[in-house]
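Read the structure below first, then the notes.
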Amino acid sequence: MLITGASGGIGGALARAYAEPGRTLVLQGRDTQRLAAVAWECALRGARVLTKVLDLRDRIELVAWLQSVSDEEPLDLVIVNAGVNTSIGADAAGERWAAVEELIAVNVLAAMATVDAVLPAMRARRSGQLALISSLAAYYGLPVTPSYCASKAAVKAYGEAIRGWLAGEGVRVSVVMPGYVESQMCREMPGPKPFLWSAERAAQRIRRGLARNRPRISFPFPLNLGTWLLAVLPPTLSEWLLRRLGYRG
């Protein structure tokens, strides 16, 4: 199996959750030291671990690496997890365009490129599973992180669409929509963080959902219900609720 963003909070926890004797883990990350630490922990649990330090903005190198891995290691599960965040800042000055471009390159383009690169081998085998890590922020855009919310909405829609497309080809697709999960990225995100979960708890929930081939794996309750309601309530009411909850521009 392969996990992108394995040097981050959820990615590292997922790697550890799946690490066991007889399993090969292919782990990608940008942070060399953190990726090495995760790989070491997984190896201690008996897994065979292959690592790749790679900036996902380099999609040419990304695709070449993924195609090589697919040729050498039949991937039964690919977790498209890597992501970055940006915000309007503590002074609400707005997002920097350079940061927005990087975010879209990693969260959307690299995610789709990853799927596109590993999918031919899965379709040829008529087996495999894809997990796309979106976010509860995909349901309704938060004023403090507009580009992040937009990117996760794109991943959600893309994952739902390809699940329907691939349903008859033996390739399973799940969209994962976590709420707030303890990580450096979460700590740097402005605004309240209700119902914060540990990365280990989130990883176990994701693993159970993927084992059951759930179309959507969202957590925690009741935050998932609340964010869904923001999308279906009248927009003026949703805006009022967010202001009351402390999500202000």
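As the structure is a computational prediction, the values presented were derived from the model and not from experiment. The residues of the chain are indexed from 1 along the displayed sequence.
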Check the pair Arg126 / Glu169 against salt bridge (Lys or Arg N to Asp or Glu O under 4.0 Å), numbers first and verdict last.
CA-CA 5 Å; Arg126 298 190 66 81; Glu169 298 195 25; 5.1 Å; no
May I have the step-by-step check of side-chain contact (heavy atoms from CB on, under 4.5 Å) for Arg59 and Leu109, ending in yes or no?
CA-CA 8 Å; Arg59 288 191 297 280; Leu109 298 178; 3.5 Å; yes
Output, in order, the C-alpha distance, side-chain angles, deciding distance and verdict of side-chain contact (heavy atoms from CB on, under 4.5 Å) for Leu132 and Val176.
CA-CA 6 Å; Leu132 283 78; Val176 182; over 6 Å; no
Test salt bridge (Lys or Arg N to Asp or Glu O under 4.0 Å) on Glu20 and Arg23 and set out the steps.
CA-CA 6 Å; Glu20 59 191 16; Arg23 185 182 296 277; 3.1 Å; yes
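You'll find the side chain of Val155 stays beyond 4.5 Å of the side chain of Val175, heavy atoms only. The shortest distance between side-chain heavy atoms of Thr4 and Ile79 does not fall below 4.5 Å. A 4.5 Å side-chain heavy-atom check between Tyr148 and Val84 finds every atom pair outside the cut-off. Looking at Val26 and Lys52, their side chains never come closer than 4.5 Å, going by heavy atoms from C-beta outward. For the pair Ile3/Leu77, no side-chain contact is recorded, criterion being any heavy-atom separation below 4.5 Å from C-beta on. Leu130 has its side chain within reach of Met122: a pair of non-hydrogen atoms, C-beta onward, lies under 4.5 Å apart.
Remark: side-chain polar atoms of Asn81 are paired, donor with acceptor, to backbone N or O of Gly5 under 3.5 angstrom. Panel note: side chain Gln28, backbone Leu54; a donor-acceptor pair is recorded below 3.5 Å. For Arg34 (side chain) and Ser7 (main-chain N/O), a donor-acceptor pair under 3.5 Å exists by modelled atom type. With Gln129 contributing its side chain and Arg172 its backbone, the two residues share no donor-acceptor pair below 3.5 Å. A donor-acceptor pair under 3.5 Å is formed between the side chain of Thr227 and the backbone N or O of Leu223. Under a 3.5 Å cut-off, the side chain of Ser70 and the backbone N or O of Ala121 do not form any donor-acceptor pair. A distance-only check finds no donor-acceptor pair linking the side chain of Ser135 to the backbone of Ala138 [under 3.5 Å].
Here the closest heavy-atom approach between residue Thr145 and residue Thr86 is recorded as CG2-O, 3.6 Å. Minimum heavy-atom separation, Ser147 to Glu95: OG-OE1, 2.7 Å. Minimum heavy-atom separation, Tyr140 to Leu230: CD1-O, 3.3 Å. Among all heavy-atom pairs drawn from Pro143 and Leu242, the shortest one is CD-CD1, 4.1 Å. The minimum heavy-atom distance linking Leu136 with Gly179 is given by the pair CD1-CA, 3.6 Å. Closest heavy-atom contact between Ala6 and Leu35: CB-CD1, 4.0 Å.
Taking hydrophobic clusters as Ile, Leu, Val, Met, Phe, Trp and Tyr residues chained together by side-chain heavy-atom distances below 4.5 Å, Leu229 shares a cluster with Trp240. Each of Leu210 and Val78 belongs to its own hydrophobic cluster when Ile, Leu, Val, Met, Phe, Trp and Tyr are linked at side-chain heavy-atom distances under 4.5 angstrom. Hydrophobic clustering (ILVMFWY, side-chain heavy atoms < 4.5 Å, transitive): Val80 and Ile133 are in distinct clusters. Both Ile162 and Met177 are members of a single hydrophobic cluster when ILVMFWY side chains are connected at heavy-atom separations under 4.5 Å. A continuous path of Ile, Leu, Val, Met, Phe, Trp and Tyr side chains, each step under 4.5 Å between heavy atoms, connects Leu233 with Tyr139, placing both in one hydrophobic cluster.
Among residues two or more places apart in sequence or in another chain, the salt bridge (charged side-chain N to carboxylate O under 4.0 Å, His left out) test is passed with Arg48 by Glu73.
Side-chain contact check for Ser151 and Asn107: at least one donor-acceptor pair (N or O, by modelled atom type) lies under 3.5 Å. Side-chain contact check for Arg163 and Asn213: at least one donor-acceptor pair (N or O, by modelled atom type) lies under 3.5 Å. Side-chain N/O atoms of Trp97 and Glu101 include a donor and acceptor closer than 3.5 Å.
The neighbour count for Arg125 CZ, taken as heavy atoms of other residues, nucleotides or ligands under 6.0 Å away, is above 12. Within a 6.0 Å sphere centred on CZ of Arg244, heavy atoms belonging to other residues, nucleotides or ligands number 12 at most. Residue Trp65 places its CH2 atom among more than 12 non-hydrogen atoms of other residues, nucleotides or ligands, all under 6.0 Å distant.
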Listed pairs under 3.5 Å, donor-acceptor, residues 196-209 side chains, sequence neighbours left out:
residue, atom, partner, partner atom, Å
Ser198, OG, Arg201, N, 3.1
Glu200, OE2, Arg16, NH2, 3.3
Arg207, NH1, Ala17, O, 2.5

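Here the straight-line distance linking atom CG of Leu25 with atom CG of Leu2 works out to 9.5 Å at 0.5 Å rounding.
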